[in-house]
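Here is the structure we will look at, set down as structure tokens.
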2 protein chains.
Amino acid sequence: MGRKRKEGDSSEEPKKKSKKEEPEASAPSTDWTASSDAKSKDGRPWNMKIVSWNINGIRAWIKKNGHEYVRKENPDIICFQEIKCAEDKLPPECSIPDYYPYWLTADKEGYAGTGILSKTKPLSIKYGLGIEEHDNEGRAITAEYEKFYLVTSYVPNSGRGLVRLNYRTKEWDEAFREYLLGLEEKKPVILCGDLNVAHKAIDLANPKSNYNKTPGYTQAEIDGLSKLLDKGFVDSFRHLYPDVTGAYSFWTYMGNARSKNVGWRLDYFLISKKLLPSLCDSLIRKEVMGSDHCPIALLLAV
Amino acid sequence: MGRKRKEGDSSEEPKKKSKKEEPEASAPSTDWTASSDAKSKDGRPWNMKIVSWNINGIRAWIKKNGHEYVRKENPDIICFQEIKCAEDKLPPECSIPDYYPYWLTADKEGYAGTGILSKTKPLSIKYGLGIEEHDNEGRAITAEYEKFYLVTSYVPNSGRGLVRLNYRTKEWDEAFREYLLGLEEKKPVILCGDLNVAHKAIDLANPKSNYNKTPGYTQAEIDGLSKLLDKGFVDSFRHLYPDVTGAYSFWTYMGNARSKNVGWRLDYFLISKKLLPSLCDSLIRKEVMGSDHCPIALLLAV
DNA sequence: CATCTGATG
DNA sequence: CATCAGATG
């Protein structure tokens, strides 16, 4: 994106923390307001930051001052899931200065919906997958940039009692995978968003009690994500931090789960293997409040 | 009720305000926390206080500390309208010490509903009118005391677009009037509650623009109340304060109506003519917050 | 436990 | 501009 490396407001100040050169063995920084000196494997500093956040209702999020986070994080691109708002009801605060906005809403009012704010104008924007039966819930936006496609998605939840597990795994997951693989034939792909699945036991606090019972940790959902990883996508966070435990991006509002860190890693940056040389860091902003999910951030040297 | 005259916490202290002997000409006191030395026409001090309040949801009202008002006002009986709560969901705080509780809820959850708290145990309690078609919305409770029946009611609103005006006036008002007149054959009656009508132009801020348009000020609704007054009931507030303007008990939450006193007098104490010698005062507690209605109070020497 | 809508006032 | 319920997560 041609930007100089800069994170938040503190890029010109001396670094307060030094980061290990091999982040694989260390837990991710917990101080998201500190700047990062993450580099790609071949030593290039990051020059692009992408954020993804399931904000659980953009109108509620604005009231809780979600804006302040965007200002401080200062990403090049931020992707939202669950905006829960018709486009004509988006409050004016949704137009953040310096960002081009792109919104996709569900037919059903106040349900699901995604959005992208981008400092540079994408080469193209595509709403949905181009498949009618999957395109009425506002679940995916694709922004094309010079060197990659960025897809943000709010993957369908399998629902209480797993009533929608079949749709989710047999229809959506299949169609979405085809869509992503089709894109990848043209350019590398970055997929971010709430994929509504914890991939492995390490990715949720209570794997045993939830396995095949709770939406987000059934074998069919796990397999859906595995297939994507088999086809050349990389789970950027787990790639960098294979053994880090307790790294979650979602905590139910019930029972004080967040304060006890009884959570799930449902939010991901999956990247095409070809982008691995550009990967500098993949971060979980677990301190940031404003939703039952926290934001996640991807640092790239592109 | 055999109680000594006592209002709030200050009955033993010297009176701070002297009240005119002929209250007809004066506006009602605005300081509801001051004690009242109101007397009946024949000079007997009041010894019984009844309060009526449309609280617009008892659970919300409790969160807003509605309790504190009850403690300070310290009525012998308090009647509630629009409790909006199934009986088994009433929070424990609804059981106020020293009061016998009586609740009547609508079949439809969270809709309408009435209640009575009484320091002395009524001789009898009757729920509804005894007419099936009018008894599924929790709109009336009758408590029998030695010297009178107390009926509290949340009269059906005629609805947006006056869709329910016919039911309200041709069915409910008729049946309710018959019910009240039936009671009165036995004992004097006190009717209190949200009658959902402003009787005359003086009883609402914008009579012209609302007449025959807005529920609560159509001719049919007005006539319903007039018929009751023709049959021997007295509007206790207007009887005492025939010319007082701006005396309202309801203000829509919209457009800061309350701070501008753009309101309606929808809440009443109607009393049988026979009770006029006992009437000491009829008050509107317009400073008391916690609902879009304020409480009203009746002082009697019985 | 929180977000929405939609009914109701 | 409030209350509530019910859907959804």
Side-chain angles (χ1 to χ4, degrees), chain A residues 54-64 66 80-86 89-90 105-113 137-138 154-164 168 194 196-197 214-216 250-260 262 264 266 289-293, chain B residues 54-64 66 80-86 89-90 105-113 137-138 154-165 168 194 196-197 214-216 250-260 262-264 266 289-293:
Chain A
N54 177 321
I55 53 178
N56 190 28
I58 197 164
R59 284 167 292 187
W61 176 83
I62 280 171
K63 284 181 196 150
K64 288 179 288 195
F80 297 118
Q81 301 87 43
E82 279 206 273
I83 62 172
K84 289 182 162 189
C85 188
K89 291 185 183 167
L90 286 170
T105 60
D107 295 351
K108 195 203 284 193
E109 277 243 12
Y111 180 67
E137 297 186 332
Y154 173 45
V155 167
N157 189 294
S158 295
R160 287 254 169 94
L162 302 173
V163 288
R164 236 187 157 195
R168 152 65 183 275
D194 176 358
N196 253 324
V197 60
T214 311
F250 162 83
W251 306 262
T252 172
Y253 277 124
M254 290 170 253
N256 277 103
R258 190 161 184 172
S259 66
K260 294 181 277 184
V262 177
W264 301 58
L266 301 180
M289 307 303 286
S291 166
D292 48 359
H293 295 245
Chain B
N54 177 321
I55 53 179
N56 190 28
I58 197 164
R59 285 167 291 186
W61 176 82
I62 280 171
K63 284 182 196 148
K64 288 178 289 196
F80 296 117
Q81 302 86 41
E82 277 205 273
I83 62 171
K84 289 183 162 189
C85 189
K89 291 185 183 168
L90 287 171
T105 61
D107 294 351
K108 195 203 284 195
E109 277 243 12
Y111 180 68
E137 297 185 332
Y154 173 45
V155 167
N157 188 296
S158 296
R160 288 253 170 94
L162 302 173
V163 287
R164 236 188 156 194
L165 180 62
R168 152 64 184 275
D194 176 358
N196 253 323
V197 60
T214 310
F250 163 82
W251 306 262
T252 172
Y253 277 125
M254 290 169 252
N256 277 102
R258 190 162 184 172
S259 66
K260 293 180 277 184
V262 178
W264 300 59
L266 302 181
M289 308 302 286
S291 166
D292 48 359
H293 294 246

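Chain identifiers are assigned alphabetically (A, B, ...) following the order of the sequence lines, protein sequences preceding nucleic acid strands; residue numbering begins at 1 within each chain.
dT3(D) atom P lies 13 Å from atom CD1 of Ile62(B), rounded to whole Å. In this structure, OH of Tyr253(A) is placed 14 Å from C1' of dT8(D), rounded to the nearest angstrom. The nearest whole Å value for the distance from the NZ atom in Lys89(B) to the C1' atom in dT3(D) is 14 Å. As a whole-Å value, the separation of Tyr111(B) OH from dG6(D) P is 15 Å. Atom CH2 of Trp61(B) and atom P of dC4(D) are 13 Å apart (whole Å). As a whole-Å value, the separation of Asn56(B) CG from dC4(D) P is 7 Å. Rounded to whole Å, atom P of dT3(D) lies 17 Å from atom CH2 of Trp251(B).
Comparing Arg160(A) and Lys63(A), the nucleotide of DNA chain C nearest to each residue sits closer to the 5' end for Arg160(A). Where Lys64(A) and Asn196(B) each meet DNA chain C at their nearest nucleotide, the meeting point lying more 5' is that of Lys64(A).
Glu137(B) and Arg164(B) are joined by a salt bridge, as a carboxylate oxygen and a charged side-chain nitrogen come within less than 4.0 angstrom of each other. A salt bridge is defined here as a Lys NZ or Arg NE, NH1 or NH2 lying under 4.0 Å from an Asp or Glu carboxylate O, and Lys84(A) with Glu109(A) fails to meet this definition.
Side-chain contact check for Tyr154(A) versus Asn196(A): some heavy-atom pair is nearer than 4.5 Å. A 4.5 Å side-chain heavy-atom check between Ile58(A) and Leu90(A) finds at least one atom pair inside the cut-off.
Counting any heavy atom pair closer than 4.0 Å across all strands shown, Asn157(A) reaches sugar-phosphate atoms only and no base atom. Among the atoms of the strands shown, only primed sugar atoms or phosphate atoms (P, OP1, OP2) are found under 4.0 Å from some heavy atom of Tyr154(A).
For Lys108(A) and dT8(D), the shortest distance from a side-chain N or O to OP1 or OP2 is below 4.0 Å.
Checked by atom type and distance alone, the side chain of Lys260(B) pairs as donor or acceptor with a backbone atom of Gly255(B) at under 3.5 Å. With hydrogens and angles disregarded, a donor-acceptor distance shorter than 3.5 Å links the side chain of Arg168(B) to the backbone of Pro156(B).
A 4.0 Å heavy-atom criterion places the boundary nucleotides of DNA chain C facing chain A at dC1(C) to dT5(C), written 5' to 3'.
Donor-acceptor pairing under 3.5 Å is recorded for the side chains of Asn54(B) and Glu82(B).
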